2 protein chains.
Amino acid sequence: MDQVNLKRLAKELNLAVSTVSRALSDSYDISIETKEKVNALAKKLNYHPNPYARSLRKRSSHTIAVIIPEIANNFFSLVIDGIEEVAQANDYHVLIYLTHENHVKEAAFVRHLMSGRVDGVLMSLASETDDMSHLYELTEQNIPVVFFDRVCDDIDTVKVTTNDYESGYLATKHLIERGCTNISYLAFSGNLSIDQNRKQGYLDALEDHHIPVKESSILLCSNDDKENKKKMRNLLSSEVPPDGIFASVELLAIQCYEVCKELDLQIPRQVKVISFSNLRTASLLAPPLTTITQPAFDIGKQAASALFQALGKKAIKLSDQKIMLTSSLIERESTAIEG
Amino acid sequence: MDQVNLKRLAKELNLAVSTVSRALSDSYDISIETKEKVNALAKKLNYHPNPYARSLRKRSSHTIAVIIPEIANNFFSLVIDGIEEVAQANDYHVLIYLTHENHVKEAAFVRHLMSGRVDGVLMSLASETDDMSHLYELTEQNIPVVFFDRVCDDIDTVKVTTNDYESGYLATKHLIERGCTNISYLAFSGNLSIDQNRKQGYLDALEDHHIPVKESSILLCSNDDKENKKKMRNLLSSEVPPDGIFASVELLAIQCYEVCKELDLQIPRQVKVISFSNLRTASLLAPPLTTITQPAFDIGKQAASALFQALGKKAIKLSDQKIMLTSSLIERESTAIEG
DNA sequence: CTGTTAGCGCATTCAT
DNA sequence: ATGAATGCGCTAACAG
């Protein structure tokens, strides 16, 4: 049995291929009768236009690529969820490429995509990546790119990220509004820009609410569980223990939670704890914790929307702008049931 | 500036298009010199063959589609991780489609894919889906399909799933080997086939180890947190409390964990608890819990491997077979740091 | 309203 | 060892 294509339809109806083509695309200058005949036969024979022939002819693939470091990760899978939703609404197809934080792979993917396989690219850089030449090459080919989360500042395009400063501010404000007056910040790393921004938000929130910052309020933690817990134990059993704790990453919140249990400190009655988290862990197993979560889904949607806006205008250059989205507070997440 | 294609290369080198084409594909009957010249210019001009032209000509897209219910879910994102790894190794591209459990969307995606956009399909059915006609149509077009997790039994092809029976058996055996002699099973639903299979594994493990099963050992739980905890409280404070608990879903393990805390029962010293889980939750926040996890990554790899095997043989029909993979026990997961 | 013609970029058959 | 010609399936410009 032969493939069913335009030629086949045309032959069976004694029409020209172009007529059939126009009938199927509902062109103005085709009689209603032939349109109906054509559509009927197309349906009957289960005709599907060959997307590659069309792409070749129209020089557009109706496909975008998403390049991310990994996918087994709540943040990135939510981002893809958002991207896919927008893509579906725009009738676009989504190709996925995982770099596993490997710069060589990332560069290979990007260079391959210069072939015209996709109309646009959404990406989050591999942590290894410092050489950006592959990205320049891509934009030179006039393929629009939108960055999210881990962005490349040197390229003029749309970048969508979380507003870490604001998130830190909001988390701290949340504690203040719940009556905390002595709030500690559990920092995970001294110099990561994320941590820096969150901490600055924390500091500014305190200042704006006229709460003095004590040297001892900022606890610099590390990968060493025991060491961290020791510091937390000291902090929480000091003469003036904090009544609020803001953990910059989830793991620290969990360690803190355990120390509180140890010391028989009631969360949130005696100590209120808020933590950044992209996992569902903290809010699920330890409902007394409040979590603040990156707006992953919205980041995906925004990034995709920006890209499609450019694609709609036939690859008008994307303007250089930073879109920063706000994290959301979750006091207690509904408990999803899985596996 | 013009697109760089074969014609362009041919013109610049005073060669025929076909010669350039063959040189680039390293054909036998092209002199080494011209090959070198061609490759050099191709690199210099940053030539990338147009994948759509090639697909059109070769009638193969080097692309597969993955259709899944959702992605914001640890199980499915791990599956994709596995699929993508195998696809990368085979130099294939991966298109993602999310049905959000909607049968209409699923059917639309599948019907679209009959166009020849992909060489093969990997899918997990939407829970809504009971009408399988779109799947029959797909196989009629000789597009190979492999099912995973939520499979369609009526279609003769490869199906990759978790061996729930074996998983239940293993989890129970684990408790028995740790010295438990009075093991309770926390069932989540009376009739889900997953739950049924897991329970049967539990029952058979007990029988094989000559441990009698008591009526009261199986606790049928529901969506009602408080009700569940009440039942657990009864169970754990009865005259002969269980020394081992096997939770069929994570949520029940967490509820049980909390009840144990309440009753001051030490896990795992007094009660050992094992639970199914696809989240990292249980093992992260409650290290005393042992978790048993679906082999999501391997399911993805196996499904993709089976598909590529067929594609390698130019779409030889996939044999009808069920591949069942074993869950893995995790006593304590390394604590990943995120966000 | 419909048919004819001409490519999109590539791989391949058939010449030389 | 290379070139010329053909067509994959489709759309679009140009006739009529």
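Residue numbers start from 1 in every chain, and the chains themselves are labelled A, B, ... in the order their sequence lines are given, proteins ahead of strands. These figures come from a predicted structure and were not determined experimentally.
With rounding to whole Å, A:I30 atom CD1 is found 10 Å from C:dG3 atom C1'. Between B:K7 atom NZ and D:dA4 atom C1' the separation is 15 Å, expressed in whole Å. Put simply, CZ on B:R57 is 16 Å from P on C:dG9, counting in whole angstrom units. Between B:Y52 atom OH and D:dC8 atom C1' there is a gap of 16 Å when expressed in whole angstrom units. Between the NZ atom of B:K58 and the P atom of C:dT13 there is a distance of 11 Å, rounded to whole Å. Atom NZ of B:K35 and atom C1' of D:dT2 are 13 Å apart (whole Å). For the pair A:L15 CG and C:dT4 P, the interatomic distance rounds to 11 Å; values are reported in whole Å. Counting to the nearest Å, the P atom of C:dT12 and the CG atom of B:L6 are 12 Å from each other.
The aromatic rings of B:H62 and B:Y92 lie parallel to each other, with less than 30° between the two planes, well short of the 60° mark. Ring orientation note: the planes of A:Y97 and A:F109 are tilted relative to one another, at an angle of 30° to 60°.
Looking at heavy-atom distances under 4.0 Å, A:D29 makes contact with a base. Counting non-hydrogen atoms under 4.0 angstrom, B:S31 reaches the backbone sugars and phosphates but no base. Within 4.0 Å of A:S25, counting heavy atoms only, lies no atom of the nucleic acid at all. Residue-level contact check: B:R22 touches the bases, meaning some heavy atom is under 4.0 Å from a base atom. As judged by a 4.0 angstrom heavy-atom cut-off over every strand, A:Y28 is placed among residues making no nucleic acid contact.
Here B:T34 reaches the OP1 or OP2 of D:dT2: one of its side-chain N or O atoms lies under 4.0 Å away. At C:dG9, none of the side-chain N or O atoms of B:Y47 fall inside 4.0 Å of OP1 or OP2 (strictly under the cut-off). Not one side-chain nitrogen or oxygen of B:S18 sits closer than 4.0 Å to the OP1 or OP2 atom of D:dA4. Taking only side-chain nitrogens and oxygens, A:N50 never comes nearer than 4.0 Å to OP1 or OP2 of D:dG9.
Between the side chains of B:Q88 and B:E84, at least one donor N or O sits under 3.5 Å from an acceptor N or O.
Position along DNA chain D of the nearest nucleotide to B:R59 versus B:E33 favours B:E33 as the more 5'-ward residue.
Looking at A:I155, A:V121, A:D156, A:T157 one by one, the single match for side-chain contact (heavy atoms from CB on, under 4.5 Å) with A:T139 turns out to be A:I155.
Between B:P69 and B:T99, the closest heavy-atom pair is CA-OG1, 3.2 Å.
Of all nucleotides listed (D:dG9, C:dC10, C:dT2), C:dT2 comes nearest to the side chain of A:T19.
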